[in-house]
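Here is the structure we will look at, set down as structure tokens.
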Amino acid sequence: MTSVQEPVDSLRQPVTPLLREPGGAAAPQSHLRLVLVLGALIALGPLTIDTYLPALPTIAGDLRTTDTAAQLTLTGTLAGLGLGQLFLGPLSDAVGRRRPLLAGTAVHVLASLLCLVAPNILVLGAARVLQGLGAAAASVIAVAMVRDLTSGTAAARLLSRLILVMGVAPVLAPSLGGALLRYTNWRGVFVALAVLGLALIGVAVFGLRESLPPERRRSDGVLGTLRVYRALLRDPIYLGLVFVAGLAMSALFAYVSGSSFVFQEEYGLSQQQFALVFSSGAVGLIGATQLNVRLLRRYRPQQILGSALLAGMLAAAALFAVAATGVGGMWALLVCLWAVLTACGLALPNAPALALAGYGEAAGTAAALLGALQFGVGAVSSPVVGALGSGSVGMAGTMLGAMALASGLLLLVARTGRLELLDTSDAGAAGAH
């Protein structure tokens, strides 16, 4: 098992070109094309989750069920995404990336068609779980391919580009769903998702080359996979960085789940005004991920991550003070929110890149556990915001707690002295710049 103390030789091996020309000859790695292809894969999950959100009230009425039952179809999708990553990541380490990607995306297409013809909420819920399982293949394999081709600083740069897609997709998905609903009913949304899945299969068949050569694959079976998971869970550096990433995601999820109540109910904004405010926060998050690319030219991921979490904790403390006292009103709250989201945008690419730095031989398994735990920790923030109250104090308190815990945890990881030993060189990262 590769550990962070002994980076595998594969980190220093020449990169296998991921893209190929139609005739099969390897093409020079194009950074823009690579971002577009992997970004399209990563976008499948957020689009699957969020595109049908505007249709939930209609679904509840058409299928003669409650709003709560309709919302549970969203929970089923999220559960499928998490569980699917845990299975498909190790599978891709054993058989390569392309076959699980194609199979998983085909399952997504099939599940989308089942959603299209679902006669009741139970069938729709089961199909949504299956849809999440299929979308998990694109998510986890895209991240594993990043680790196949890059490490350290180069991986953080590429992940910054991909988080741009991850940030844009959830913001645009409900608007896309609303636009579709002008011309079709809620079932038409699943037709669009099926078409998207078919398009990604075409990209994978004709545009993607296998990034994990046979000599680097693991074929240890179920017991071997469990041993890898056990080793990952016993690695304090990997686990610490995964939870740092999850806590940064928690701060982001607290904003997503609480902002509509804060700005519409507490500050009286209309739906259109809230949409503008929410989008401005997304712009700050996305801008930070792109700033991260420039910062990585001068600083190591460890340095950026530590500074971002400290700044985020201070900004969250200011946010909580504004929410509790009302000083400065909505504009002061917005400035503090943008500062916290900027810090999240700097932390989210670097923590996963560092967590995966020592696991070149098990990138799929490591990415799978990272995705599942990161999402699981992040998802906890929504009920916490609800428990603390739907107002600005509950949202701000959750964001402050998440950033403070992330900062403290990173400090504990750094005190081991092993964080600085992680390989963040650009060796073997051709085309990632």
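Atom set for the values below is all heavy atoms of this structure, side chains included, hydrogens, waters and symmetry mates excluded. We're numbering straight along the sequence, starting at 1.
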Set out, in order, the CA-CA distance, both residues' side-chain angles and the distance that settles side-chain contact (heavy atoms from CB on, under 4.5 Å) for M395 and L337, then state yes or no. CA-CA 10 Å; M395 180 184 71; L337 267 175; 4.0 Å; yes
Is there a side-chain contact (heavy atoms from CB on, under 4.5 Å) between F263 and L334? Walk through the geometry before answering. CA-CA 10 Å; F263 290 111; L334 278 173; 3.6 Å; yes
Using modelled atom types only, decide if a donor and an acceptor are shared between the side chain of Q85 and the backbone of L369 within a distance under 3.5 Å. no
For R97 and S92, test the side chains for any donor-to-acceptor distance below 3.5 angstrom and give the result as yes or no. yes
Hey, what do you get for CG (L181) to OG1 (T51), rounding to the nearest 0.5 Å? 10.0 Å
L410 CG to R415 CZ distance, which is reported to the nearest 0.5 Å: 12.5 Å
Is there a side-chain contact between M399 and F320, using heavy atoms and a 4.5 Å cut-off? no
Give me the atom names and distance for the closest heavy-atom approach of A316 to V340. N-CG2, 3.5 Å
Pair R300-Q303, side-chain donor/acceptor within less than 3.5 Å: no
Which distance, rounded to the nearest 0.5 Å, do you find between the CG of L232 and the CZ of R227? 13.0 Å
When you check the side-chain N and O atoms of T48 and Q131, is any donor under 3.5 Å from an acceptor? no
Are side-chain heavy atoms of L354 and Y238 found at a separation under 4.5 Å? no
Of all the heavy-atom pairs spanning V413 and G240, show the shortest one and how long it is. CG2-CA, 3.9 Å
Heavy-atom pair of closest approach, residues A248 and C344: O-SG, 3.6 Å
Could I get the full list of side-chain contact (heavy atoms from CB on, under 4.5 Å) partners for V107, not counting sequence neighbours? L130
Is the closest side-chain heavy-atom distance between L233 and L239 below 4.5 Å? yes
For residues V335 and L319, determine if any side-chain heavy atom of one lies less than 4.5 Å from a side-chain heavy atom of the other. no
For F87, is the CZ atom crowded, meaning more than 12 foreign heavy atoms sit under 6.0 Å from it? no
Enter the distance from L405:CG to M313:CE here, rounded to the nearest 0.5 Å. 10.5 Å
Check: R298 side chain, R294 main-chain N or O, donor-acceptor pair, under 3.5 Å: no
Is any side-chain heavy atom of L38 closer than 4.5 Å to one of L41? yes
Please examine the side chains of L44 and S139, heavy atoms only from C-beta on, and report whether any two atoms are closer than 4.5 Å. no
Test your reading of the model: is there a side-chain donor-acceptor pair from S407 to the backbone of L309, 3.5 Å cut-off? yes
Measuring only between side-chain heavy atoms, which start at C-beta, is L348 closer than 4.5 Å to L252? yes
Which distance, rounded to the nearest 0.5 Å, do you find between the CE of M330 and the CD of E266? 11.0 Å
Take L91 and L88, measure what side-chain contact (heavy atoms from CB on, under 4.5 Å) needs, and give me the verdict at the end. CA-CA 5 Å; L91 179 64; L88 291 165; 4.2 Å; yes
Residues A142 and I42: closest non-hydrogen pair is CB-CG1, 3.6 Å
To check you understand the geometry: which heavy-atom pair defines the closest contact between A136 and G80, and what is its length? CB-O, 4.3 Å
Report yes if some heavy atom in the side chain of H108 is under 4.5 Å from a heavy atom in the side chain of L193; otherwise report no. yes
For the CG atom of L346 and the CG atom of L295, what is their distance to the nearest 0.5 Å? 6.5 Å
On a heavy-atom basis, which atom in I304 and which in L296 lie closest, and how many Å separate them? CD1-CD2, 3.6 Å
Which residues satisfy the side-chain contact (heavy atoms from CB on, under 4.5 Å) test with V322, sequence neighbours excluded? A332, L333, C336
Side-chain donor/acceptor of T77 to backbone N/O of T73, under 3.5 Å: yes
When you measure from the side chain of Y229 to the backbone of L86, do you find a donor-acceptor pair of N or O atoms at a distance under 3.5 Å? yes
Under the side-chain contact (heavy atoms from CB on, under 4.5 Å) rule, what do L81 and L133 come out as? Steps first, then yes or no, please. CA-CA 5 Å; L81 275 165; L133 287 169; over 6 Å; no
